[in-house]
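Have a look at the structure below, then the notes.
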Amino acid sequence: MTLYSDFADAIDAVLDKLEATGDLPGGLDRRNVAVEPPRDPAHGDLATNAAMVLAKPAKTNPRALAEKIAAGLGERSDVVSAEVAGPGFINLRLSPRTWITELETIRAAGAAYGRSQMGHGQRVNVEYVSANPTGPMHMGHCRGAVVGDALATLLEYSGHSVTREYYINDAGGQVDVLARSVHLRYREALGETIEIPEGLYPGDYLVAIGQALASEHGARFVGAPESEWLVLFRTRAVAAMMVMIRDDLALLGIHHDVFSSEAELQAEKLPEAAEATLRARDLVYDGVLEAPKGEVAEDWEPVELPLFRSTRFGDDQDRPIRKSNGSWTYFGADMAYHFRKAANADQLIDIWGADHSGTVKRIQAAVSALTDGKVPLDVKLVQMVRLLRGGEPLKMSKRAGNFVTLADVVREVGKDVVRFTMLSRRSDAQMDFDFAKVVEASKDNPVFYVQYAHARIRSLHRKADLLRHPGEGRDPSPDLSLLDAEELAIIQLAAQFPRVIEQAATSHEPHRVAFYLFDLAAAFHALWNRGNDDPARRFLISDNPAVSRARLVLADAIGQVIRNGLSVMGVAAAEEMH
RNA sequence: GCACCGGUAGCUCAGCUGGAUAGAGCGCUGCCCUCCGAAGGCAGAGGCCAGGGGUUCGAAUCCCUUCCGGUGCGCCA
């Protein structure tokens, strides 16, 4: 129960009453009725559009209806005034007591403030990262990893039952290339001088696997045909890569619940099952694709393949689920994979890089077809991150192997800075990550700014402990009515936190939490700085313990909300700045 | 050619799923440190929300369309 849902209920009750007295026809759609803080504080503390939304279907004048609703709401003891404004807004002014009560609510709820049961335990599967197991995590994976993880936490926080899942692409051509690269390192370990040809993975992170295989199996695979060693080398290499990737993810505080293997999935014949289901509904047929548009493919030739009718779902082309050699396409296997995820979830979310945008429709189409539209799939596309250092783009080349690894970045700027920064932009917009700026101690840097606010709040306690006389305990029930209007105003902002969480969770947009925290931090800094002009308005005043205590409670509540918000983002709150 | 994502202050970006006079940071102008951390704060200037249609009490937000930028297109993964 938040302040906002409380008033939403109150409005419902008033509307029910108006229906009972015949002032309002029954059965009106109230879904668009909203309770919001008005953008302009001069309009009061809360506003509702109820009268404007309902006036037309009720065939009445919005202002007249608003007057009736306002009268009903005005009867509440916590409503100081209920005024009709503009085209029919109802602006409510709440008693100071309301905000003091909310402050006490924050204090009592502590780390749980902002949590809700909005999700009603709905099962949500969030698949994120799913980087190919062919090397360490690099910065290209980072944003999706953080966004997916924060979204998962956000959904948990708002009452969903969340599974964090990683899909291991261990069945395609890339992992064969990996196996061949390891074979080369294996020969190297046996004393050969090797040269890594174009197209194989040059990274020296494969050296250790080659050595291990050499010491276990000796030279028996050196001149042997691929058929004798490929599977073994591939399995070992993928396992080693996954250990490395999990370690990298752990640096960011990311841990998945489930790792699904594409190879296992295929061994279990899940794609076959999905194909049969779709063929039975005439959604898969054997056909020939047109030549691809755009860049001319030299080796293209028309072949009959099993095709999924994704055009029925808005795709521009039907999509093959098997290759001409009978093996599964990535899409064919992925479709089966999503089918299985859907069996244990009420809702699926995938976090993908924006370079996969072209494949969204087909997979959504397949999920919709396989689940009869019962399990929605939201694919969140995360745009690219441009790496800069002091405004200059970092030069990178994957081929030369000098891409920036995630581990390097975390080591340089820290987990919290990486996570916060990755969440400080809408994920469907491109982002710059400037090594110089993200660690800058200035207002230009939201990470610092929010952390600084929290550190200031913590410093108050250290200071307050010094001010306290020996034997004098912490005051359990300070007189909060000593708080002034400006101080109550920040509670109003803090009270929006549960709403922000709900909205961020519903819209699958964790960045909203970051922006909110920045606003809250700004409000706190402003309050703090009043003390510069007027010493009587500082948080701690040595000759006025009563006011100091009340303000300390206020500061603590703000600190609590900042901590809660940061924890949703997976960022630790700073105790002090260095 | 087609698809997806963008286009909001000089710059970087928010904008609460359709609300009232569109916001923040940087930069610019002017104030504020014997003072809990000034690593800050306050105030001001700065907008055809890319253009054009539409939907309605009401549009930066939804729909159509044009233009500009980014990404992608395959039996790859």
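First the proteins, then the strands, lettered A, B, ... as listed; each starts at 1. Here the structure is a predicted model, which is why all the values come from computation and not from measurement.
Put simply, CZ on R386(A) is 12 Å from P on rG70(B), counting in whole angstrom units. Nucleotide rC42(B) holds its P atom 11 Å from the NE2 atom of H525(A), rounded to whole Å. Rounded to a whole Å, the CD1 atom of I363(A) is 15 Å from the P atom of rA77(B). Going from atom CD of Q503(A) over to atom P of rG18(B) covers 12 Å, rounded to whole Å. If you measure from atom CD of Q317(A) to atom P of rA3(B), you get 13 Å, rounded to the nearest angstrom. The CG atom of L305(A) sits 12 Å away from the C1' atom of rG74(B) (whole-angstrom rounding). What separates CD1 of I90(A) from P of rC57(B) is a distance of 18 Å, to the nearest Å. rG15(B) atom C1' lies 14 Å from atom CZ of R425(A), rounded to whole Å.
Note on P320(A): only backbone sugar-phosphate atoms sit closer than 4.0 angstrom, heavy atoms only; bases stay farther off. Base engagement by A85(A) is indicated by at least one non-hydrogen atom pair under 4.0 Å involving a base atom. In this structure, R530(A) reaches neither bases nor backbone, as no heavy-atom distance under 4.0 Å exists between it and the strands shown. Residue contacts for F448(A): at a heavy-atom cut-off of 4.0 Å it reaches a base atom on one of the strands shown. The residue G173(A) sits close only to the backbone: its heavy atoms come under 4.0 Å of sugar-phosphate atoms, none of a base. As judged by a 4.0 angstrom heavy-atom cut-off over every strand, D355(A) is placed among residues touching the sugar-phosphate backbone only. Looking at heavy-atom distances under 4.0 Å, A47(A) makes contact with a base.
Neither OP1 nor OP2 of rC36(B) sits under 4.0 Å from any side-chain N or O of R537(A). In this structure, R456(A) reaches the rA38(B) phosphate: one of its side-chain N or O atoms is under 4.0 Å from OP1 or OP2. The side chain of Y449(A) places an N or O atom within less than 4.0 Å of a non-bridging phosphate oxygen (OP1 or OP2) of rG41(B). Distances shown here put a side-chain N or O of K361(A) below 4.0 Å from the OP1 or OP2 atom of rC4(B). Taking 4.0 angstrom as the limit, W328(A) places none of its side-chain polar atoms (N or O) nearer than this to OP1 or OP2 of rC75(B). Within the structure, every side-chain polar atom (N or O) of K380(A) is placed at least 4.0 Å from both OP1 and OP2 of rC4(B). A close approach under 4.0 Å does occur between a side-chain nitrogen or oxygen of H511(A) and OP1 or OP2 of rG15(B). A close approach under 4.0 Å does not occur between any side-chain nitrogen or oxygen of Q430(A) and OP1 or OP2 of rC5(B).
For T329(A) against rC75(B), no side-chain N or O and base N or O form a donor-acceptor pair under 3.5 Å. Below the 3.5 angstrom threshold, one finds no donor paired with an acceptor across the side chain of R426(A) and the base of rC13(B). Residue N91(A) places a side-chain atom within donor-acceptor reach of the base of rA20(B), judged by atom type and a 3.5 Å distance cut-off alone. Below the 3.5 angstrom threshold, one finds a donor paired with an acceptor across the side chain of R538(A) and the base of rC35(B).
Geometric assessment of R319(A) against the ring of F331(A) yields a negative cation-pi assignment under the 6.0 Å and 45° thresholds. Under the 6.0 Å distance and 45° angle rule, R362(A) does not count as a cation-pi partner of F308(A).
Shown here, rU17(B) is classed syn by the O4'-C1'-N9-C4 or O4'-C1'-N1-C2 angle, which is within 90° of 0. Classified by its glycosidic torsion, rC33(B) falls in the syn category, the angle being within 90° of 0.
Side-chain contact check for Y167(A) and D350(A): no donor-acceptor pair (N or O, by modelled atom type) lies under 3.5 Å. With no hydrogens or angles considered, no side-chain donor-acceptor pair links Y201(A) and Q174(A) at under 3.5 Å. Defined by atom type and a distance below 3.5 Å, a donor-acceptor pair is present between the side-chain atoms of Y337(A) and E165(A).
Ranked by how close their nearest RNA chain B nucleotide is to the 5' end, R362(A) and N445(A) are led by N445(A). Mapping D432(A) and S442(A) onto RNA chain B by nearest heavy atom places D432(A) closer to the 5' end of the strand.
Taking the six-membered ring where tryptophan is involved, the planes of Y157(A) and F497(A) are perpendicular, since the angle between them exceeds 60° and thus also 30°.
Taking the six-membered ring wherever Trp is involved, the centroid distance between the rings of F420(A) and F518(A) does not fall below 6.0 Å.
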